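The analysis underlying the following values was restricted to heavy atoms, covering all of them including side chains, and did not include hydrogens, waters or symmetry mates. Bear in mind the structure is a predicted one, so any value in this text is a computation, not a measurement.
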Amino acid sequence: MSRFLGDSHGREHALFRGGAAAFDPVLPWSALNDLLERNRLVPPRLRLVRGGADVDPAAYVDEVPLRDGGHARRLITGALLGQLREGATLVVDAVEELHGPVGALAAALERDLREQVQVNLYASWGTSHGFDVHWDNHDVLALQVAGRKNWRLYGPTRPFPLYRDVEAPPPPEGDPVAEYLLEAGDVLYLPRGHWHDVAALGTPSLHLTFGFAPATGIDLAEWLVDRLRADERFRRDLPRFAAPERRKELAETLYAAIGEYFDAEAVDRFLLEHDGNARLAPGIRLPWGATPEALPPGDDAVARLLTTRAAVRRRPDGTVVLFAAGHQWVFAGAAEPVLTALAEGAGRTIADLAALPGSTVDAATVRALLAELTSAGLIVVEEAPS
């Protein structure tokens, strides 16, 4: 990962060859079958794409009547398989929410990349293009799980394009700058804005795209605007009808005021809050989570934080702050070793948390802290596996 972040991240595409069975544990065909059979996946979460356009859902989705008089949308198995045989590509969005191993890999990437990761699944059988030549407004790590896919890369035509931009990147001209045949176990990285197309080769193919959008200067500017809303000087009406000298004076005043917020530490403050605003993964552990104690008995229970990018900082007054879920949670300084260990991402037993180097809290105090974090929805605590 350190080589990728240092050499390629945000700059150029990169191909990493792997073993054929490298991603078998992540999402084998059998797991995909199980997802389709046991989850009510319908558009827009599940889509079929052919020739660069979505297939009309009416061709493979039906309205099933329910006992209460309502209707549920469900896949028509035969029609779905028929569309796939005719060359459609199966797309399922946000697979990290549906399958544990994919979710675990996405969480690991989030901890390394410090950005939210969404994983989409693409399965194809024919030789037609599911999507025409296009670019994405986020970076992509494509993992070839099974089969083969041909990728043609055309490079960027506008540096660092944005989702909301002043102009769209012009289409590429000429031949591809690179072409790769991805085999099972291979990984391809594409920075945002790099034009590409992907083609199946007439045999079953399954790949996952891990998409993430690194924070930009525009994100920093929007964060700064939110800080300025707290300043009365920026909330006042502009002196539209005053003398030109008054407007010039105000412009100079506001320009100087911006510097009070946008100092040399502004980027670090923004990134800290950016991490602290990371989403929480769902985490429900019944029956204990619904009990007054909130935790299972025994100090071998395992606690795990539900965000991959929490940050812990000590204040001058000796208290510590946990930045998570869009809030700042303040604790006594003695909680710092426990919070720091949880923020590292790995599950830790209550006994381990009470025995951390430098810790001055016992298991009972750790349990009280974890119960508070559980009630806030920040962690899950589950019984140790038997």
*Salt bridge check: are Arg114 and Asp275 linked by an N-O gap of less than 4.0 Å?*
yes

*Please determine if Asp299 and Arg367 form a salt bridge, counting it only when a charged side-chain N lies under 4.0 Å from a carboxylate O.*
yes

*Are any side-chain N or O atoms of Glu249 and backbone N or O atoms of Ala251, one a donor and one an acceptor, separated by less than 3.5 Å?*
no

*Taking the six-membered ring for Trp, are Tyr261 and Phe234 parallel (under 30°), tilted (30 to 60°) or perpendicular (over 60°)?*
perpendicular

*Determine, using ring centers only, whether Trp151 and His207 are less than 6.0 Å apart.*
yes

*Would you mind reporting whether Leu378 and Leu306 have side-chain heavy atoms less than 4.5 Å apart?*
no

*Salt-bridged, Asp54 to Arg47, with N to O below 4.0 Å?*
yes

*With the 4.5 Å side-chain cut-off for hydrophobic clustering, are Leu35 and Trp125 part of the same group?*
yes

*Are the side chains of Pro25 and Pro101 in touch, meaning some heavy atoms are under 4.5 Å apart?*
no

_Interatomic distance, Leu369 atom CG to Leu353 atom CG [nearest 0.5 angstrom]_ = 8.5 Å

_Cationic N near anionic O, under 4.0 Å, Asp197 to Arg152_ = yes

*From Leu46 CG over to Tyr60 OH, what is the distance, rounded to the nearest 0.5 angstrom?*
6.0 Å

*asked:* Pair Val320, Phe331 - check side chain to side chain contact (heavy atoms under 4.5 Å, CB included), show working.
replied: CA-CA 5 Å; Val320 293; Phe331 298 91; 4.0 Å; yes

*4.5 Å side-chain heavy-atom contact, Leu121 and Leu32*: yes

*Test Arg309 against Gln116 for side chain to side chain donor-acceptor pair (under 3.5 Å), laying out the working first.*
CA-CA 9 Å; Arg309 293 191 280 130; Gln116 180 176 323; 5.4 Å; no

*Taking 4.0 angstrom as the limit, do Arg279 and Glu96 come out as a salt bridge?*
yes

*How long is the gap from OG on Ser359 to CD on Glu336, to the nearest 0.5 Å?*
10.5 Å

_Between CZ on residue Arg304 and CD1 on residue Ile379, distance to nearest 0.5 Å_ = 10.0 Å

*For atom CD1 of Ile218, is the number of surrounding heavy atoms from other residues, nucleotides or ligands below 6.0 Å larger than 12?*
no

*Minimum side-chain heavy-atom gap Pro44-Asp93 below 4.5 Å*: no

*Could you tell me whether the side chain of Arg235 and the main chain of Arg229 form a donor-acceptor pair under 3.5 Å?*
yes

_Salt-bridge contact Arg227-Glu260 (side-chain N to carboxylate O under 4.0 Å)_ = no

_With a 4.0 Å cut-off on N to O distance, would you call Arg269 and Glu273 a salt bridge?_
no

_Donor-acceptor pair, side chain of Thr157 and main chain of Pro170, under 3.5 angstrom_ = yes

*Do Leu105 and Val26 come close enough that some side-chain heavy atom pair is under 4.5 Å?*
yes

*What distance separates Leu113 CG from Leu141 CG, expressed to the nearest 0.5 Å?*
7.0 Å

*Is the shortest distance from a Lys or Arg side-chain nitrogen in Arg45 or Glu97 to a carboxylate oxygen in the other one below 4.0 Å?*
yes

_Separation between CD1 of Ile350 and CG of Asp362, rounded to the nearest 0.5 Å_ = 12.0 Å

_Within 6.0 angstrom of Arg38 CZ, more than 12 heavy atoms from elsewhere_ = no

*Between Phe270 and Trp223, is the ring centre distance below 6.0 Å?*
yes

*asked:* Keeping Asp136 on the side-chain end and His138 on the backbone end, is there a donor-acceptor pair under 3.5 Å?
replied: no

*asked:* Let's go through His194 and His13 carefully: what are the C-alpha distance in whole Å and the side-chain angles of both, what is the deciding distance for side chain to side chain donor-acceptor pair (under 3.5 Å) to 0.1 Å, and is it a yes or a no?
replied: CA-CA 8 Å; His194 282 230; His13 72 267; 4.9 Å; no

*With side chains defined as the heavy atoms from C-beta onward, is the minimum distance between Glu293 and Thr374 less than 4.5 Å?*
no

*Nearest heavy-atom pair of Tyr180 and Leu153: which atoms, and what distance?*
CE1-CD1, 3.6 Å

*Start with the C-alpha gap between Asp139 and Tyr189, add the side-chain angles, then the distance that decides, and say whether side chain to side chain donor-acceptor pair (under 3.5 Å) holds.*
CA-CA 8 Å; Asp139 291 19; Tyr189 166 69; 2.6 Å; yes

*So, Arg247 side chain and Ala242 main chain: donor-acceptor pair closer than 3.5 Å or not?*
yes

*Take Asp186 and Arg17 through the salt bridge (charged side-chain N to carboxylate O under 4.0 Å, His left out) test and state the conclusion after the steps.*
CA-CA 5 Å; Asp186 293 343; Arg17 297 291 187 185; 2.5 Å; yes

